[in-house]
Protein chains: 2
Amino acid sequence: MSEPLHFVVKTRLVEVVERLGEGAALPPERVLAKDFGVSRWTMRQAIRELIADGRLRARQGQGTFVATPKLVQPLALVSYTEALRAQGHTPGREVVAFEQIAADAELAEQLNIAAGDPVHLLERVLFADGQPIGLETTYLTVARFPTLKDELDPTGSLYRCLTDQLGVRFGAGEELVETVIATPREAELLKATQSLPMLLLHRNSRDTSGEPIEVVRSLYRGDRVGFRATLHPQTP
Amino acid sequence: MSEPLHFVVKTRLVEVVERLGEGAALPPERVLAKDFGVSRWTMRQAIRELIADGRLRARQGQGTFVATPKLVQPLALVSYTEALRAQGHTPGREVVAFEQIAADAELAEQLNIAAGDPVHLLERVLFADGQPIGLETTYLTVARFPTLKDELDPTGSLYRCLTDQLGVRFGAGEELVETVIATPREAELLKATQSLPMLLLHRNSRDTSGEPIEVVRSLYRGDRVGFRATLHPQTP
DNA sequence: AAGTGGTCTAGACCACTCC
DNA sequence: GAGTGGTCTAGACCACTTG
């Protein structure tokens, strides 16, 4: 058994998926398992990998369907809303939380404040064409943005509010990208099955004078989103 | 059952992992399952997620161990060797293939050549401190680099060879990042268990005049590597 | 040979959606 | 209520590493 059975099944299932069109429904797992002559566990293993690869999409109580291609988002300091619209998709946002909390040690260091200092916490689910694709958690220092709670429409663009209303000028920033598994809470907010690979982006934005503006933790569904970075040549 | 059992187990297992030090061995799966009062399948589900998160590492025939933190690699046009060394790690490379193939339609378009034209294929496993962390597949047009096969030491830096020996000047490039599941072949080369989430980087480098230099498909172990991008402010 | 993780089976029940 | 995907069990065998 050099090649696991579930991979053989996956390979054969890919052919089925390619014959069906986008959005087409797959036969039920139990039927597929019988057709392929494997157990349901093995069948699900193959399906699960195709879901992680973004080829299939499962909906409990309904069935499994051929997915549409992944979105590609820019890895840059631009508004989420504008980036999506530029690609012809309909952006959406849903506020999960907008409150003040006390910064823990790690967050305090990243924002260059003292542990325990108050920070704004803004947590929003990002939608594209009605589908949840990401969970964005933003932290901003209250001392620096005392009027944010009044000025910001939490369903609107934070980036726009900061630049247009509060006069913030974004400088260079850093973004970290890695894969993680979502917690059940995060998975539920993203309407994803648990243990689906996610892309975690961690951003620490600074203004033109190098002062921290915000700390952002964005969790994107790995089955639906990819990112594009623009590389700049070295000048040594 | 709003919270799946395997997640409850995962949460409790994290505490165990944190008490043990880096590199420490976990009890066998069967023992853990018994201790937690769950089936081995549920136990493995929890372990599998901690492996994907980079907290644990499993070695067949040996056991499961507490992992070291993820590496963070720059998402930039610099030599892999130099980047790793700058972080105090020992880089390594192993050549899997170095040959000529005919470009398929997609590759031909990306390299701005005709389908069927010969291209160099260089496939290498990248190591950090003796551990395989990535599989890099590079395609270069033979017509543009006819002497590459003679000039390049395939165990050395391709970037160095291109810039120093062949006079190539890298311009701006684009890099795509997404999560995928490795094929069994790729998983084997990376000594990873299958169905582990990977980070796929797809790069299309161009020189200063905009001509394509190379197409690179890099597959990194998502449990061991993260990436850092530097963001540049918009100038509208 | 013994013990480890990796794969697979058969079967069960739960949660959700639609009729 | 019927049918779907989601979770979980108990048990088996395989592949690999070490003594």
Side-chain angles (χ1 to χ4, degrees), chain A residues 1-13 24-52 55-67 181-184 187-188 190-196 223, chain B residues 1-13 17 24-52 55-67 181-185 187-188 190-196 223:
Chain A
M1 190 205 309
S2 67
E3 209 161 69
L5 185 52
H6 67 80
F7 181 77
V8 178
V9 170
K10 181 184 177 184
T11 306
R12 289 174 57 194
L13 189 55
L26 245 68
E29 290 175 352
R30 290 161 179 84
V31 174
L32 282 172
K34 202 168 187 184
D35 287 354
F36 283 104
V38 299
S39 73
R40 193 179 158 211
W41 185 91
T42 305
M43 198 67 234
R44 276 180 65 76
Q45 185 75 324
I47 292 173
R48 150 191 231 141
E49 294 195 8
L50 285 177
I51 290 174
R55 310 282 307 253
L56 292 178
R57 190 162 307 175
R59 286 199 284 266
Q60 187 170 164
Q62 294 182 47
T64 307
F65 305 85
V66 181
I181 305 294
T183 65
E188 195 187 341
L190 293 173
K191 293 188 178 60
T193 65
Q194 325 198 346
S195 85
L196 197 74
D223 59 337
Chain B
M1 193 203 310
S2 65
E3 208 161 70
L5 185 52
H6 67 80
F7 182 77
V8 178
V9 171
K10 180 184 178 185
T11 305
R12 288 174 57 194
L13 188 55
V17 168
L26 246 67
E29 291 175 352
R30 290 161 178 85
V31 174
L32 282 171
K34 202 168 188 185
D35 287 354
F36 283 106
V38 299
S39 72
R40 194 180 157 209
W41 184 91
T42 305
M43 199 67 234
R44 275 179 66 76
Q45 185 77 327
I47 292 174
R48 150 190 230 143
E49 294 195 7
L50 285 177
I51 290 174
R55 309 282 306 255
L56 292 178
R57 190 163 307 175
R59 286 199 285 263
Q60 189 171 165
Q62 295 183 44
T64 308
F65 305 85
V66 181
I181 305 292
T183 64
R185 174 178 178 272
E188 195 187 341
L190 292 173
K191 292 188 179 58
T193 65
Q194 325 197 345
S195 85
L196 197 74
D223 59 336

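Chain A is the first sequence line, chain B the second, and so forth, proteins listed ahead of strands; every chain is numbered from 1.
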Looking only at the side chain of [X] (C-beta and beyond, no hydrogens), which of the listed nucleotides [options] gets closest?
X       : options              : answer
B:Arg44 : D:dT4, C:dG6, D:dC8  : C:dG6
B:Ser39 : D:dG6, C:dG6, D:dT9  : D:dT9
A:His6  : C:dC8, D:dG5, D:dT9  : C:dC8
B:Leu5  : D:dT9, D:dG5, D:dA12 : D:dT9

### Query
For B:Gln62, does the CD atom have more than 12 heavy-atom neighbours from other residues, nucleotides or ligands under 6.0 Å away?
yes
### Query
Are any of A:Gln62's side-chain N or O atoms less than 4.0 Å away from OP1 or OP2 of D:dG5?
no
### Message
With a 4.0 Å cutoff (strictly under), does any side-chain N or O of A:Thr42 reach OP1 or OP2 of C:dC8?
### Response
no
### Query
Yes or no on side chain to side chain contact (heavy atoms under 4.5 Å, CB included) for B:Leu13 and B:Leu26, after CA distance, side-chain angles and deciding distance?
CA-CA 10 Å; B:Leu13 188 55; B:Leu26 246 67; 4.1 Å; yes
### Query
With nearest nucleotides of DNA chain D determined for A:Pro28 and A:Ser195 from heavy-atom distances, which residue corresponds to the more 5′ nucleotide?
A:Pro28
### Task
Using a 4.0 Å heavy-atom cut-off across all strands, classify A:Arg30 as base, sugar-phosphate, or nothing.
base
### Query
So what does B:Arg59 hit on the nucleic acid, given a heavy-atom distance under 4.0 Å: a base, only sugar-phosphate, or nothing?
sugar-phosphate
### Message
I'd like to know if A:Arg40 reaches the base of D:dG6 with its side chain such that a donor and an acceptor end up less than 3.5 angstrom apart.
### Response
yes
